[in-house]
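As the structure is a computational prediction, the values presented were derived from the model and not from experiment.
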Amino acid sequence: MSASAFSAPIANVPEWSVTELATALKRTLEDAFGHVRLKGEISGYRGPHGSGHAYFSLKDGGAKIDAVIWKGTMLRLRHKPKEGLEVVVTGRITTYPGKSAYQIVVDSLEPAGAGAWMALLEERRRLLAAEGLFDAARKRPVPYLPTVVGVVTSPTGAVIRDILHRLADRFPRPVLVWPVRVQGEGAAEEIAAAIHGFNALEPGGAIPRPDVLIVARGGGSIEDLWCFNEEIVVRAAAASTIPLISAVGHETDVTLIDHAADRRAPTPTGAAEMAVPVLHELLADLDSLSRRHAGALSRLVDQRRGELRGLARALPGPEALLAQKRQRLDLAEARLAPALAANARDAQGRLNRALQGLARNPPSLRLARARERLAAIDHRPRHALERVLAVQGERLNGLSRRLDRAPGQGLERLAGRLSRATALFSSLNYRSVLARGYALVLDPAGTPVGSAKAARVAGRLTVEFADGRVAAAVEGAAAPETPPLPARPAPRRAAKRKEPAAETKKAPVEGAVQGSLFES
């Protein structure tokens, strides 16, 4: 058979572009499978990329499929993918034309089986415990009799009814219920928000702030209770400033919030029993304490009364207490009369001695002696005062003469300083230099011109003499610059310069060098 026999059928096959084929395969695969659930082990997971998307593979013993989780789905996932974790994912089967590969776009992800859940739970417990969130030192005591009880649980179901019924039986207290979902998507966020919300209430505000919190839920599987193992719930319970009692599941159910709570109750009913005491037991205890207190007071009074009687018998009588005092009074009375007589005799003796002294030295004699001394010193104070006044007068006259001379001497000193300053100013003033025949050349801005080049640049000049100023113009400003003339030697100070007549002085010509104004 010839080659032409095979070429005819091949020529009838339609021609596809690569993009058309990839699109057709993509459509066929998505229509045939759509959404599927896959169970496998995560492989090649390295965390979300910079875009927020996560890429990995799912594998079992015989095959492997690529998987991708978009950023929006990644943020909503309750359980994040981890390397080596066995999971069950739900998603859409599609292709990636750029690599000619098929993949699954994951919409949800859950650990596969109780073993995976427990492994994830144990790893999270270990990480949170390393941060100290479960330390016993952080736990606070539950108040004995709270004023308000806060409950975080579902508003429907038997849990809230059991708690309210138990509180009413034991000790009725006001209860604030924060309704939340206790299972499914968003439950962990609502529970954490409720705990933070109760802690944000201000004491004494419009809504009373609870003294104790109860976070409760009925029993269930580990998947049902998983929201109480979420990190956001555990951190909220650990950060609560209000003492918190966890009552999640039955006694055999242990969640991470039980480790972070201040107390763990085996059941919601047990949490209500931990929160408040029994009113009847308190009343009975109070009645018993009252009876014991009354009996103790009665026995104490009887004991004190017996002790008082014993002490009274040991005390001496009034007569015994006063006998010694009376005897001391009688002895003092017996010694009083002789003592008074002796005191009178002593006073009489002192009086007689005083009278004898006055007789020997009467007051009239002492007065006459004092008058004699006064007469002797009669003129001495006056003479002393006159001498003092004379000395002070001489000193005052000397000071007056010095004061009269002081203004004149001061004015003379100031006049001398002024004349010296005037002479110094005259010698340093540039006008005195102009008076000796020099001239000051200024440009239109009033700045001194110190060279021929500067004069040619300025063009128009002002020449200042001792008796006034004249305007001048520089000729040949464009001519080449001539070398400066040598400076004229300064004359000796001893020689007197003859002042030239005012009409013979001329303005400096082009190329002339002006000497220093301060040359002598």
Counting only heavy atoms not in [X], do more than 12 fall under 6.0 Å of its [atom1]?
{"X": "Gln303", "atom1": "CD", "result": "yes"}
{"X": "Arg138", "atom1": "CZ", "result": "yes"}
{"X": "His53", "atom1": "NE2", "result": "yes"}
{"X": "Glu386", "atom1": "CD", "result": "yes"}
{"X": "His293", "atom1": "NE2", "result": "no"}
{"X": "Ile207", "atom1": "CD1", "result": "no"}
{"X": "Lys80", "atom1": "NZ", "result": "yes"}

For [X] and [Y], work out which heavy atoms get closest and say how close.
{"X": "Ala261", "Y": "Lys139", "value": "O-NZ, 2.7 Å"}
{"X": "Ala272", "Y": "Arg166", "value": "CB-CB, 3.7 Å"}
{"X": "Ile242", "Y": "Asn199", "value": "N-OD1, 3.2 Å"}
{"X": "Ala265", "Y": "Met274", "value": "CA-CE, 3.7 Å"}
{"X": "Pro208", "Y": "Leu176", "value": "O-CD1, 3.2 Å"}
{"X": "Arg173", "Y": "Thr147", "value": "NH1-CA, 3.8 Å"}

Mark yes or no for whether [X], through its side chain, and [Y], through its backbone, hold a donor-acceptor pair below 3.5 Å.
{"X": "Ser240", "Y": "Ala237", "answer": "no"}
{"X": "Arg263", "Y": "Val142", "answer": "no"}
{"X": "Ser288", "Y": "Ala284", "answer": "no"}
{"X": "Asp443", "Y": "Ala445", "answer": "yes"}
{"X": "Arg125", "Y": "Leu256", "answer": "no"}
{"X": "Asp262", "Y": "Leu244", "answer": "yes"}
{"X": "Glu464", "Y": "Leu440", "answer": "no"}
{"X": "Ser154", "Y": "Val182", "answer": "no"}
{"X": "Arg170", "Y": "Val276", "answer": "yes"}
{"X": "Asp258", "Y": "Thr255", "answer": "yes"}

Results of ring-ring contact (aromatic ring centres under 6.0 Å, His included) for Phe171 - residues two or more places apart only: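 Checked Phe171 against ring-ring contact (aromatic ring centres under 6.0 Å, His included); zero matches.
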
ring-ring contact (aromatic ring centres under 6.0 Å, His included) partners of His165, counting only residues at least two apart: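 Applying ring-ring contact (aromatic ring centres under 6.0 Å, His included) to His165 gives none.
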
Kindly indicate whether the side chain of [X], heavy atoms from C-beta on, has any atom under 4.5 Å from the side chain of [Y].
{"X": "Pro243", "Y": "Pro143", "result": "yes"}
{"X": "Leu286", "Y": "Leu282", "result": "no"}
{"X": "Thr422", "Y": "Leu418", "result": "yes"}
{"X": "His259", "Y": "Val234", "result": "no"}
{"X": "Pro268", "Y": "Val151", "result": "no"}

Would you check, one step at a time, whether the test salt bridge (charged side-chain N to carboxylate O under 4.0 Å, His left out) holds for Asp302 with Arg305? CA-CA 5 Å; Asp302 293 340; Arg305 185 181 291 113; 3.0 Å; yes

[X] side, atom [atom1]; [Y] side, atom [atom2] - distance, nearest 0.5 Å:
{"X": "Glu123", "Y": "Arg126", "atom1": "CD", "atom2": "CZ", "answer": "5.5 Å"}
{"X": "Arg217", "Y": "Cys227", "atom1": "CZ", "atom2": "SG", "answer": "6.5 Å"}
{"X": "Leu279", "Y": "Leu283", "atom1": "CG", "atom2": "CG", "answer": "4.5 Å"}
{"X": "Ile257", "Y": "Ile195", "atom1": "CD1", "atom2": "CD1", "answer": "5.0 Å"}
{"X": "Asp285", "Y": "Ser290", "atom1": "CG", "atom2": "OG", "answer": "10.5 Å"}
{"X": "Arg335", "Y": "Asp330", "atom1": "CZ", "atom2": "CG", "answer": "11.0 Å"}

With salt bridge (charged side-chain N to carboxylate O under 4.0 Å, His left out) as the test, would you mind laying out the steps for Asp346 and Arg350 before giving the verdict? CA-CA 6 Å; Asp346 184 51; Arg350 291 198 301 273; 2.3 Å; yes

Listed by chain and number, what are the side chain to side chain contact (heavy atoms under 4.5 Å, CB included) partners of Glu189, not counting sequence neighbours?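 In terms of side chain to side chain contact (heavy atoms under 4.5 Å, CB included), with neighbours along the sequence ignored, Glu189 is linked to Ile232.
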
Determine, step by step, whether Glu307 and Arg304 satisfy the salt bridge (charged side-chain N to carboxylate O under 4.0 Å, His left out) criterion, reporting the C-alpha distance in whole Å, the side-chain angles of both residues, the deciding distance to 0.1 Å, and the verdict. CA-CA 5 Å; Glu307 293 175 355; Arg304 293 293 187 265; 3.8 Å; yes

For Leu442 and Arg469, run side-chain contact (heavy atoms from CB on, under 4.5 Å): C-alpha distance rounded to whole Å, both residues' side-chain angles, the deciding distance at 0.1 Å, then the answer. CA-CA 10 Å; Leu442 305 173; Arg469 293 185 177 185; 3.8 Å; yes

Run the side-chain contact (heavy atoms from CB on, under 4.5 Å) test on Glu131 and Leu127 for me, step by step, so that the C-alpha distance in whole Å, both residues' side-chain angles and the decisive distance to 0.1 Å come before the verdict. CA-CA 7 Å; Glu131 296 184 22; Leu127 293 176; 5.6 Å; no

State whether a side-chain donor-acceptor pair under 3.5 Å links Arg209 with Thr241.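 Side-chain D/A pair, Arg209 to Thr241: present.
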
I'd like to know whether Arg371 forms a side-chain contact (heavy atoms from CB on, under 4.5 Å) with Leu367, so could you lay out the CA-CA distance, the side-chain angles of the two residues, the decisive distance to 0.1 Å, and finally the verdict. CA-CA 6 Å; Arg371 286 175 177 174; Leu367 182 60; 3.7 Å; yes

Check the angle between the aromatic planes of Phe198 and Trp178 and answer parallel, tilted or perpendicular using the 30° and 60° thresholds.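 If you compare the ring of Phe198 with that of Trp178, the planes turn out perpendicular.
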
Could you walk me through whether Val152 and Glu190 pass the side-chain contact (heavy atoms from CB on, under 4.5 Å) check? CA-CA 10 Å; Val152 179; Glu190 291 186 9; over 6 Å; no

Quick one, Gln348 with Asn352, criterion side-chain hydrogen bond (donor to acceptor under 3.5 Å, both in side chains). Give me CA distance, side-chain angles, the key distance, then yes/no. CA-CA 6 Å; Gln348 183 65 39; Asn352 292 333; 3.3 Å; yes

